[in-house]
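Below is one structure, written out as structure tokens, with a few remarks after it.
Keep in mind the model is a prediction, meaning the values are calculated, not measured.
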Amino acid sequence: MAEYIPSTKVARQAKIMQLVQTFAIASQGELQDLLQDSGIVVTQATLSRDLEELQAYKECGSDGRRLYRVPGTGENLALNADSNSEARIQVAKWAQNMVLNVHCVLNQVILRTLPGAAPVLAHAIEKAQLAGMLGTIAGSDTVLIIADGASSAQNILQELMEFLETEN
């Protein structure tokens with residue numbers, strides 16, 4: 001499934017933050033190429049403005065190269081692993097207290113929650129970055145998790161079931 005990125009400034013800057021977090025990028029040219037590979041064509045001047053607005057800076061990487069970083073994207077991957085682990089613990093805790101039932105249909109996982117609990121749980125699930133998850137949508141008492149395929153949805157369902165069975 002191909003990713004569609006709208007041609008808006010917000011979407012472009014979100015993709016820049018994702019790329020900077022994912023890849024070791026040392027130049028605007030490298031970033032411009034990665035954006036183009038994602039279907040985003042941007043001029044060097046626009047890219048420069050985007051980096052300035054995102055408050056991007058260069059930091060010495062482990063290999064000695066100066067690499068782009070963007071504040072708030074979790075530049076330290078070890079820190080990401082820690083916060084991801086903490087987010088999973090939080091999902092398990094909240095799921096046990098909020099989830100009434102869980103269903104899986106094709107590439108979607110549907111959680112029914114106590115009234116008003118869905119937005120909080122959806123946010124925690126997104127922070128936990130479950131493998132294969134594309135995103136969540138929350139109503140008042142329903143969380144819809146969209147996965148990148150039926151097998152990913154089944155894996156997410158299994159992981160959520162493990163969260164629900166975990167003892168506090």
query = What residues, two or more places apart in sequence or in another chain, satisfy side-chain contact (heavy atoms from CB on, under 4.5 Å) together with Ala131?
reply = none
query = Which residues satisfy the side-chain contact (heavy atoms from CB on, under 4.5 Å) test with Asp50, sequence neighbours excluded?
reply = Lys9, Arg12, Gln13, Ile16, Thr46
request  = Identify, with sequence neighbours excluded, every residue that meets salt bridge (charged side-chain N to carboxylate O under 4.0 Å, His left out) alongside Arg66.
outcome  = none
Salt bridge (charged side-chain N to carboxylate O under 4.0 Å, His left out) involving Glu126 - partner list, sequence neighbours excluded = none
Where do [X] and [Y] come nearest, in terms of heavy atoms and distance?
X: Gly139; Y: Pro119; answer: O-CD, 3.2 Å
X: Tyr68; Y: Ala56; answer: CD2-CB, 4.2 Å
X: Ala138; Y: Ala122; answer: CB-CB, 3.7 Å
X: Arg65; Y: Ala26; answer: NH2-CB, 3.0 Å
X: Ala128; Y: Val91; answer: CB-CG2, 4.0 Å
X: Gln154; Y: Cys104; answer: NE2-SG, 3.3 Å

query = What do the steps show when you test Met161 against Leu164 for side-chain contact (heavy atoms from CB on, under 4.5 Å), and what is the final call?
reply = CA-CA 5 Å; Met161 296 304 290; Leu164 290 169; 4.1 Å; yes
ask   = Tracing side-chain links under 4.5 Å among I, L, V, M, F, W and Y, which residues wind up in one group with Val41?
value = none
task = Show which residues join Leu114 in its hydrophobic cluster (side-chain heavy-atom contacts under 4.5 Å, direct or indirect), or state none.
result = Leu100
request  = Measure the shortest side-chain to side-chain distance between Leu31 and Leu51 over non-hydrogen atoms and say whether it is less than 4.5 angstrom.
outcome  = yes
ask   = Do Phe23 and Leu67 belong together in a cluster built from hydrophobic side chains that touch within less than 4.5 Å?
value = no
Among residues two or more places apart or on two chains, list those pairs meeting salt bridge (Lys or Arg N to Asp or Glu O under 4.0 Å) that have a residue in [range].
range: residues 113-122; answer: none
range: residues 101-121; answer: Arg112-Asp141
range: residues 35-48; answer: none

With sequence neighbours excluded, tell me which residues meet side chain to side chain donor-acceptor pair (under 3.5 Å) with [X].
X: Asn107; answer: none
X: Gln44; answer: Gln28
X: Asp33; answer: none

request  = Determine, stepwise, if the pair Val70 / Gln21 fulfils side-chain contact (heavy atoms from CB on, under 4.5 Å).
outcome  = CA-CA 8 Å; Val70 176; Gln21 182 180 3; over 6 Å; no
Would you give the length of the straight line joining atom [atom1] of [X] to atom [atom2] of [Y], rounded to the nearest 0.5 angstrom?
X: Leu144; Y: Gln108; atom1: CG; atom2: CD; result: 5.0 Å
X: Ile137; Y: Ile145; atom1: CD1; atom2: CD1; result: 11.0 Å
X: Glu162; Y: Leu157; atom1: CD; atom2: CG; result: 10.0 Å
X: Leu134; Y: Ile146; atom1: CG; atom2: CD1; result: 7.5 Å
X: Ile125; Y: Ile156; atom1: CD1; atom2: CD1; result: 9.0 Å
X: Ile89; Y: Phe163; atom1: CD1; atom2: CZ; result: 9.5 Å

request  = Would you confirm whether Ser140, through its side chain, and Gly116, through its main-chain N or O, come within 3.5 Å as a donor-acceptor pair?
outcome  = yes
inquiry  = One pair to check against side-chain contact (heavy atoms from CB on, under 4.5 Å): Val99 and Leu160. What are the steps and the verdict?
reply    = CA-CA 10 Å; Val99 173; Leu160 290 169; over 6 Å; no
